[in-house]
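Letters A, B, ... are given to chains in the order of the sequence lines, protein chains preceding strands, and every chain is numbered from 1. Scope of the values below: all heavy atoms of this structure, side chains included, with no hydrogens, waters or symmetry mates.
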Amino acid sequence: MPHAQVVTRFAPSPTGELHLGNARTALFSWLLARHSRGRFVLRIEDTDAERSRPQFAEQLYQDLRWLALDWDAGPDRDPDGVHYLQSARGEIYRHYFEELRVAGKAYPCFCSALELTLARKAQLAAGRPPRYAGTCRALTPTEIERRQAAGSRPTLRFRVPEGQTVEFVDLVHGEHRYVTDDIGDFIIRRADGSPAFFFSNAVDDAEMGITHVLRGEDHLTITPRQLLLLDALAMPRPTYAHVALLTGVDGAPLSKRHGAASVRELRERGYLPLAVANHLFRLGHSSTETGVLTLAALAKAFDVKHLGRAPARFEISQLDAWQRQVAHHLSPEAAEQWLVGALPPGLSDEDRHRFIDAIRLNIVLPAEAAAWARALYGEPPPLNDEMLAVVHAAGRGFFAAAAGSVVQHGAELRPMIDAIRTATGAKGAALWKPLRLALTGRADGPELAPLLNVIPRASIEERLRRFAG
RNA sequence: GCUCCCUUCGUCUAGAGGCCUAGGACAUAGCCCUCUCAAGGCUGUAACACGGGUUCGAAUCCCGUAGGGAGCGCCA
């Protein structure tokens with residue numbers, strides 16, 4: 001008998017931007033599916049009408065496509081006629097609500113949100129776990145009817161069985177056992193009729209044939225609830241792998257205040273998707289593979305067994321290391337596409353190529369290319385006192401000779417060096433440093449020869465002559 | 001408060017009782033190359049949270065302590 005196909009999913013809610021932590025979960029799920037030649041499903045959990053926005057879903061698609069994580073089924077492609085937007089799956093949920101209600105495994109609860117909040121506070125204050133007290137657990141049919149007739153809109157609560165244990169094996173954390181007495185009856189349908197997360201999330205995983213659920217560790221302790229629900233409905237349990245959370249440099253869970261925490265932000269700053277994928281691949285996941293790997297190679301190397309249990313820290317400097325490698329191996333065409341937005345308008349094709357060739361190995365992000373463009377194409381760059389000291393020490397004859405060489409031989413480095421040597425006898429750092437400073441305003445940077453092909457001829461002369469007179 | 005999870009170099013991690021005087025990658029330092037920087041090559045610095053136990057032997061097993069995190073929502 002052939003092995004059942006692996007089916008994984010990414011199930012974000014469209015209530016904000018795709019976060020790096022979620023992006024990593026999506027990547028891992030995608031890698032697992034591709035590693036096993038299985039299916040990857042995208043499901044949008046938009047049951048919270050208040051906070052869900054279609055534009056967030058659109059941006060989610062965009063971010064995933066940018067990362068090159070393609071899905072075999074999702075809201076925009078439903079090969080089986082299945083709805084992958086939870087807001088379109090009401091019929092399915094109604095069916096299972098009814099099944100639970102008829103079986104007595106769920107019951108209507110008329111407690112108001114206010115009452116519940118108060119009860120929770122009181123329990124917490126008394127040093128007890130904030131669990132549902134079971135107020136509506138044993139309402140008689142007559143009572144239920146009476147309240148409904150009075151216009152009360154009940155929620156539906158799942159009746160958690162007493163005195164049982166729930167066991168499951170997590171692919172990352174191993175065996176787990178929880179006692180049901182620690183779990184209060186929880187809401188599976190809101191008063192407005194919409195399904196609550198515990199319910200729709202678990203039911204959909206089962207309905208969609210998801211075999212492996214990779215999700216954040218924050219879901220670990222709610223897993224028993226979902227298992228209870230699936231068991232009550234006699235639905236299949238997926239295998240869970242709870243991935244440790246991503247934190248910022250301060251060790252706190254990654255959030256907006258850490259900066260560059262969203263995929264959009266990284267994209268806009270010019271990070272390359274392959275660099276992001278390679279870095280994410282190594283956060284909380286180990287591999288013997290080193291160096292930049294293609295997505296296909298990442299999929300091949302991915303192994304759930306190599307997911308770590310401890311939270312991982314997101315450090316931008318580590319991302320930068322991957323970015324540097326990926327960026328430096330870009331083809332000339334890809335490099336141009338990467339940097340085009342950072343270049344000044346109106347450059348000829350030839351100028352653009354020369355510029356990119358000259359600086360690309362010296363930069364990590366497009367913003368640095370923009371800085372180089374300003375330095376090379378703009379006004380002669382100002383020098384600070386330290387730089388001026390070096391330039392003045394070289395002497396006026398130094399720059400007169402250099403400028404003269406430009407007039408005679410054009411923007412060629414060799415003759416310029418020879419002319420300076422002949423005129424001043426300068427060599428080594430005393431030769432190169434003043435020249436570089438005068439021409440670029442910086443002490444570091446690419447080879448001078450290619451830079452001379454980038455800076456406009458008249459500007460070269462101007463940059464040199466200002467120290468010759 | 002209760003339940004659960006986590007803790008190895010700066011960072012990501014390898015490590016499932018002897019192979020560990022703890023390995024790798026990135027970062028970092030030095031050297032080589034070199035007009036600078038980058039790239040490349042070589043070399044180095046650097047970690048088992050703490051305390052008890054079990055054992056001939058513990059990073060690895062057990063107990064506790066400390067620190068961090070999650071959950072207990074008509075949010076997902």
Using both distances under 3.5 Å as the test, list the Watson-Crick or G-U wobble partner of [N], or none.
N	value
B:C31	B:G41
B:C72	B:G1
B:A66	B:U7
B:C19	none
B:C61	B:G53

Taking atom types as they are modelled, is there a donor-acceptor pair under 3.5 Å from the base of B:C12 to the side chain of A:Glu315?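 Donor-acceptor pair under 3.5 Å: no.
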
For a quick check, tell me whether the side chain of A:Gln318 and the base of B:C12 share a donor-acceptor pair closer than 3.5 Å.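 For A:Gln318, whose side chain was compared with the base of B:C12, there is no donor-acceptor pair (under 3.5 Å).
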
Measuring only the [atom1] atom in each nucleotide, how far is [N] from [M]? A whole number of Å is fine.
N	M	atom1	result
B:C6	B:C62	P	12 Å
B:A22	B:A46	C1'	12 Å
B:A14	B:C4	C1'	27 Å
B:U8	B:A47	C1'	6 Å

Residues A:Arg147, A:Glu143: salt bridge by 4.0 Å N-O rule: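 Yes, A:Arg147 and A:Glu143 are salt-bridged.
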
Is the closest basic N to carboxylate O distance between A:Asp231 and A:Arg237 below 4.0 Å?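 Yes, this pair counts.
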
For A:His242 and A:Asp170, does a side-chain donor sit closer than 3.5 Å to a side-chain acceptor?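 A:Asp170 and A:His242 do have a side-chain donor-acceptor pair below 3.5 Å.
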
Side-chain donor-acceptor pair present, A:Thr223, A:Arg215, cut-off under 3.5 Å: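 A donor-acceptor contact under 3.5 Å links the two side chains.
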
Does the ring centre of A:Phe302 sit less than 6.0 Å away from the ring centre of A:Phe28?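 Yes - the distance between ring centres of A:Phe28 and A:Phe302 falls below the 6.0 Å cut-off.
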
Check every strand shown and say whether A:Ala443 touches a base, only sugar-phosphate, or nothing at a heavy-atom separation below 4.0 Å.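 Answer is base: heavy atoms of A:Ala443 come under 4.0 Å of a base.
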
Any base atoms under 4.0 Å from A:Glu447, or only sugar-phosphate, or nothing? Heavy atoms, all strands.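 The answer is base, as A:Glu447 lies within the cut-off (heavy atoms under 4.0 Å) of a base atom.
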
Residues that A:Phe110 engages under ring pair (Phe, Tyr, Trp, His ring centres under 6.0 Å), provided they are two or more places apart: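 Ring pair (Phe, Tyr, Trp, His ring centres under 6.0 Å) check on A:Phe110 returns nothing, list empty.
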
List the residues meeting ring pair (Phe, Tyr, Trp, His ring centres under 6.0 Å) with A:Phe398, not counting sequence neighbours, and say none if there are none.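 Partners of A:Phe398 by the ring pair (Phe, Tyr, Trp, His ring centres under 6.0 Å) criterion come out as none, since no residue qualifies.
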
Between atom [atom1] in [X] and atom [atom2] in [N], what is the gap in whole Å?
X	N	atom1	atom2	answer
A:Glu368	B:C37	CD	C1'	12 Å
A:Ile417	B:U36	CD1	P	12 Å
A:His279	B:A25	NE2	C1'	11 Å

On the nucleotide B:C4, are OP1 or OP2 found under 4.0 Å from the side-chain N or O atoms that A:His176 carries?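 The answer is no; no side-chain N or O of A:His176 sits under 4.0 Å from OP1 or OP2.
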
Pick the closest RNA chain B nucleotide for A:Ile363 and for A:His173 by heavy atoms, then say which residue is nearer the 5' end.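 Per heavy-atom nearest nucleotide, the more 5' residue is A:His173.
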
Given RNA chain B, 5'-ward residue of the pair A:Ser317 and A:Ser286, judged by closest heavy atom: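 Per heavy-atom nearest nucleotide, the more 5' residue is A:Ser286.
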
Which heavy atom in A:Leu214 sits nearest to a heavy atom in A:Ser29, and how many Å separate them?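 Minimum heavy-atom contact is CB-OG, 3.5 Å.
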
Could you write nucleotides 61-76 of chain B as a row of B, S and -, 5' to 3', where a protein heavy atom under 4.0 Å of any base atom gives B, of only sugar-phosphate atoms gives S, and otherwise -? --------SSSBSBSB

